[in-house]
Amino acid sequence: MMRAPSFAYRAPRSVAEVVEILAGEGPQARLLAGGTDLVPNLKRRQQVPVTLVALRRVEALKEVTSGGGFLTLGAGLTLSQVVGHRDLSPGQRALEVAASKVATPHIRNMGTIGGNLCLDTRCNYYNQNYEWRQAIDFCKKAPGPEGTAKTEVTTGICWVAPSSPRCWAVSSTDTAPALVALGAEVTLVSTQGERRIPLSELYFDDGMAYLTKRPDELLTAVHVPILGEGWKSTYWKLRRRGSFDFPVLSVAAAIKFGPQGVVLEARMTLGAVQSYPVSVPTDALLGQPLSDEVIATFAAAASRPARPLDNTDYNLSWRKKVCTAYIAGALKELRGDSPEQLGVLARTAARLPVLS
Ligand SMILES: Cc1cc2nc3c(=O)[nH]c(=O)nc-3n(C[C@H](O)[C@H](O)[C@H](O)COP(=O)(O)OP(=O)(O)OC[C@H]3O[C@@H](n4cnc5c(N)ncnc54)[C@H](O)[C@@H]3O)c2cc1C
Ligand code: SF4
């Protein structure tokens with residue numbers, strides 16, 4: 001049995017208390033939301049915090065409000081609470097599909113939207129138990145000798161790209177690409193005050209330092225634009241087991257259609273192809289309906305920034321090809337193609353699972 005290392009446990013009841021603790025403890029403290037990612041990581045000694053700051057008792061993180069053109073979701077809402085929330089509008093469907101495709105119903109009942117947005121990056125050489133990683137002499141991202149804080153390990157090899165100075169672990173959150181495509185923003189709070197930034201700016205292209213958030217900051221809320229008439233959005237996810245696994249590729253798309261299906265606005269974000277959710281330029285879609293030809297040309301170009309590496313599931317050149325197919329499929333779904341027209345693979349990718 002894998003056991004978690006010992007740690008001090010704090011369970012504050014307010015945002016003010018949380019940020020006071022974070023300011024006092026420094027980077028050795030870590031926030032614990034649902035714990036569905038953090039607890040396994042502790043057991044594998046990928047993270048060895050001195051103090052865990054539990055967020056479950058902070059009621060302010062579970063609120064849902066709307067105003068100023070945004071639906072605001074508290075970071076402590078579980079993914080199950082987000083899926084099917086009565087205040088979600090049809091234009092925000094990408095979020096609902098993405099949240100519904102995270103892991104399993106049990107994990108969605110525990111895991112929070114805030115935890116999902118701050119999810120650790122993943123790599124085949126990192127998401128292993130301590131002994132496995134010890135056998136390969138660890139890597140840049142993973143801790144060294146047991147009990148050593150991650151921050152002390154600054155050297156080491158990257159087994160994916162041995163000559164690389166950086167870590168290429170993959171952004172594997174489902175809701176981040178969907179929310180970036182929807183134009184979401186997040187609020188970060190610390191003892192120094194509060195700041196609200198576009199969600200896209202929360203991420204950094206580095207498998208180790210993958211968040212721009214400071215360790216003393218708490219993500220309190222995500223603000224999702226209420227997309228009105230003409231907007232449609234979707235989320236396609238590739239994974240081996242359709243009811244369990246992390247994404248190894250995802251495509252989130254949001255489009256505003258005008259008369260005759262002309263594209264007025266468009267946003268697309270790719271997930272699990274780099275260390276951050278990658279937004280692709282969409283100018284080539286604007287001012288015209290989504291014909292087969294427009295979609296094929298766009299999909300070929302838009303999949304170029306996807307640089308899958310050999311550190312997740314599936315063959316990487318195949319994943320690259322699927323990226324083009326998924327971009328095309330997501331656009332065809334948004335223009336109104338039927339599930340039969342989209343085909344079996346596509347139906348599996350975009351379908352909302354049966355929720356329990
Ligand atoms: C078997 C399995 C399958 C999974 N499949 C998927 C999947 O398909 N897709 C997917 O996206 N995820 C998946 N996950 C990962 C995880 O369950 C989800 O991402 C979940 O949403 C994480 O939320 P949490 O509340 O449990 O986060 P936690 O584990 O509590 O925290 C995760 C990280 O976020 C930080 N954090 C949490 N809340 C905040 C906050 N409010 N402010 C700042 N930092 C914060 C924590 O300190 C920690 O670093 C899977 C996990 C397991 C075990
Ligand atoms: S990409 Fe390289 S450094 Fe990063 S987790 Fe994988 S092996 Fe380690």
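Whatever order the structure lists them in is the order used to number ligands and atoms, beginning at 1. For this chain, numbers begin at 1 and follow the sequence in order. Since we're looking at a predicted model, the values are computed, not measured.
The number of heavy-atom neighbours closer than 6.0 Å to CD of E131, taken from other residues, nucleotides and ligands shown, is above 12.
The parts of C158 lying near ligand 2 are both backbone and side chain, judged by heavy-atom distances below 4.0 Å. Counting heavy atoms under 4.0 Å from ligand 1, residue P40 does not touch it at all. With a 4.0 Å heavy-atom cut-off, ligand 1 is reached by no atom of T175.
Proximity of K213 to ligand 1 is established by a heavy-atom distance of less than 4.0 Å. At least one heavy atom of A169 sits less than 4.0 Å from an atom of ligand 2. Residue D120 places every heavy atom at 4.0 Å or more from ligand 1.
Ligand 1 has a nitrogen or oxygen under 3.5 angstrom from a nitrogen or oxygen of L219. Note: no N/O pair closer than 3.5 Å links L119 and ligand 1 by distance alone. Checked by distance only, ligand 1 and G34 come closer than 3.5 Å through their nitrogen or oxygen atoms. The distance criterion of under 3.5 Å between nitrogen or oxygen atoms is met by L31 with respect to ligand 1. Considering backbone and side-chain atoms alike, L38 places an N or O below 3.5 Å from some N or O of ligand 1.
Distances from atom 22 (C) of ligand 1 to the heavy atoms of T36, V189, T78 show the closest one on T36. Of the listed residues (N116, L202, N127), the one carrying the non-hydrogen atom nearest atom 11 (O) of ligand 1 is N116. When K237, R239, Q47 are checked for heavy-atom proximity to atom 8 (O) of ligand 1, K237 turns out nearest.
Although no hydrogens or angles enter the test, the distance criterion places no donor-acceptor pair under 3.5 Å between the side chain of T212 and the main chain of F204. Without hydrogens or angle criteria, Y203 side chain to L117 main chain gives a donor-acceptor distance under 3.5 Å.
Classification of D313 and R319 as a salt-bridged pair fails, no side-chain N sitting under 4.0 Å from a carboxylate O.
The nearest N, O or S atom of C167 is not closer to atom 2 (Fe) of ligand 2 than 2.8 Å. Residue contact annotation: C139 places an N/O/S atom under 2.8 Å from atom 8 (Fe) of ligand 2.
Among all protein heavy atoms, the one lying closest to atom 6 (Fe) of ligand 2 is C123 SG, 2.3 Å.
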